[in-house]
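Sequence lines set the chain letters: A, B, ... in the order given, protein chains first and strands last, and positions in each chain run from 1. Only a predicted model underlies this, so the values are computations on that prediction, with no experimental measurement involved.
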2 protein chains.
Amino acid sequence: MSINILLADDHQLTREGVRSLLEGEEDINVVGEALDGRSAVRLARELGPDVILMDVCMPDMNGIVATTLILAENPRIKVIALSMLDDRRFVSNMLRAGASGYLVKDCSFKELARAIRMVIANRTYLSPGIMDVVVKDYVRPPAYSDSPYSSNLTIREKEVLQLVAEGHSTPQIANSLHVSAKTIESHRQNLMAKINAKGIAGLTKYAIREGLTSA
Amino acid sequence: MSINILLADDHQLTREGVRSLLEGEEDINVVGEALDGRSAVRLARELGPDVILMDVCMPDMNGIVATTLILAENPRIKVIALSMLDDRRFVSNMLRAGASGYLVKDCSFKELARAIRMVIANRTYLSPGIMDVVVKDYVRPPAYSDSPYSSNLTIREKEVLQLVAEGHSTPQIANSLHVSAKTIESHRQNLMAKINAKGIAGLTKYAIREGLTSA
DNA sequence: TCTGATTTCGGGGCAACCCTAATTTTCTCC
DNA sequence: GGAGAAAATTAGGGTTGCCCCGAAATCAGA
């Protein structure tokens, strides 16, 4: 009884590479390839694979939406998300959509093979780095998720964040908000903890992603 | 006489996949793998490969800077750039750095194999989609050079800028570049003066605009 | 009213920032 | 091949600001 796999990734070279690796496994069988989310949904229906390796970011329809649609039709299928290193912010949404696993592309093939066999056994597999994000969100509930869809920053924090990202110094910000510099520093500390960013560089990047300032 | 290849890509799964595909070719031999630009430079020196498959976007040191450094040491080496679909803006800089080929990752292995054999024969290979970009830039020369790296930053300054924008501190950068912290400070000062940016926020934004790091 | 989130503030250590200036290496041009 | 320019390196010394520790006051809702 072999495992039937559907690949969904918009990079052909990645698809071919993963297929080549998987074909070295006796009990694994690649039954199809999708270039975008929409065709992944269609092929999942037509082929009924056991496992789908789903890139998170794809044109036309991203992996999160595709996963939701596929599992609504056929909850038996296991979806393993594949993402770039800096796409970790999609973790919670992908898992909420029903993914059984989450791998960063910076993982070994050995890890991928293990993930496939684990989800087949109805277990969940997360890359070590991803585990941290999930545990953090679990321990300190999703108020503090680094997901762009759930940035739970207070008004004050957004004000401070924007000014920081615009290049103002703490005393300048304190002055323009009429509070002590120490207050602004606390806000910055809380911001860095909330969005899991390191230093002004990280804060600035987050502010750009959130549209609080422009690059 | 087989072709020796060095892989430089920060995604292990991609490296393993491409390696697996290349190993199916009789006359091609993968001699090493680099996870970032810096180790690519080192491995290029140690292994002296015939061809380097170089991801454009990598942490620590990107493919453009790495290519520049590698070809300065050993112009005999052929570099083929691999990029994501939306990294096309780096085409001109990568070619200017001396790359012999430019492939988008959404290409077939067949295409990759052909590219490798062409650059070995001292020819240039560009993905069809990339050709368009090059021709367009050729027809309408860079009157207003909106391209990244158009700024008069030196290689070293670009290295430092990327590391700063990735959130590293001055002592960390000094350590990883094996120079004094004062040297890094000087580079940072010069950078801020050159690009008229204030503080780490300004430097980070500039690095994002120039594609040295991602938001 | 009590809990918890928000906003506020302080001290100490270290890093960023600004200035000037020197040496060595590398490149370019004649 | 040698002169000059540009780049890369290091340094001293001072001011300011960032960052991490904690903690008090304010305010909202259970």
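- Per the geometry, CG belonging to A/L153 stands 13 Å off C1' belonging to C/dT6, to the nearest Å.
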Donor-acceptor contacts under 3.5 Å from residues 118-126 of chain B side chains, at least two apart:
unit_1: B/N122; atom_1: OD1; unit_2: B/K78; atom_2: NZ; d: 2.7
unit_1: B/Y125; atom_1: OH; unit_2: B/E111; atom_2: OE2; d: 3.1

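- The distance from the CG atom of B/D9 to the CG atom of B/L35 is 9.0 Å, given to the nearest 0.5 Å.
- Residues A/Y206 and A/L161 are in side-chain contact: their nearest non-hydrogen atoms beyond the backbone lie under 4.5 Å apart.
- A distance of 8.5 Å separates CD1 of B/I77 from CG of B/D50, quoted to the nearest 0.5 Å.
- The CD1 atom of A/I80 sits 7.5 Å away from the OG atom of A/S100 when rounded to the nearest 0.5 Å.
- Taking NZ of A/K110 as the start and CG of A/L21 as the end, the distance is 14.0 Å to the nearest 0.5 Å.
- Among pairs with a residue in residues 177-204 of chain B, those fulfilling side chain to side chain donor-acceptor pair (under 3.5 Å) read B/E157-B/K194, B/T170-B/R188, at least two apart in sequence or across chains.
- The list of side chain to side chain donor-acceptor pair (under 3.5 Å) pairs with a residue in residues 25-42 of chain B, not counting sequence neighbours, reads B/N4-B/N29, B/R15-B/E33, B/R19-B/E33, B/E25-B/R117, B/D27-B/R117, B/D36-B/S39, B/R38-B/D60, B/R38-B/E159.
- One can place CG of A/N190 at 9 Å from C1' of C/dT7, the figure rounded to the nearest angstrom.
- Atom-to-atom, CD1 of A/I173 to P of C/dT8 comes out at 13 Å; the value is rounded to the nearest Å.
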- Where protein sits on nucleotides 16-30 of chain D, one letter per nucleotide: B base, S sugar-phosphate only, - none, heavy atoms under 4.0 Å: -SBBB-B--------
N/O to N/O distances under 3.5 Å, protein versus nucleotides 4-8 of chain D:
unit_1: D/dA8; atom_1: OP1; unit_2: B/T154; atom_2: OG1; d: 3.4
unit_1: D/dA8; atom_1: OP2; unit_2: B/T154; atom_2: OG1; d: 2.3

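- Ion pairing between A/K105 and B/D10 fails under the 4.0 Å rule for side-chain N and carboxylate O.
- Taken to the nearest 0.5 Å, the OG atom of A/S176 stands 7.5 Å off from the CD1 atom of A/I184.
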- Symbol by symbol from the 5' end, with Watson-Crick or G-U pairs under 3.5 Å, [ ] crossing and | another strand, DNA chain C is ||||||||||||||||||||||||||||||
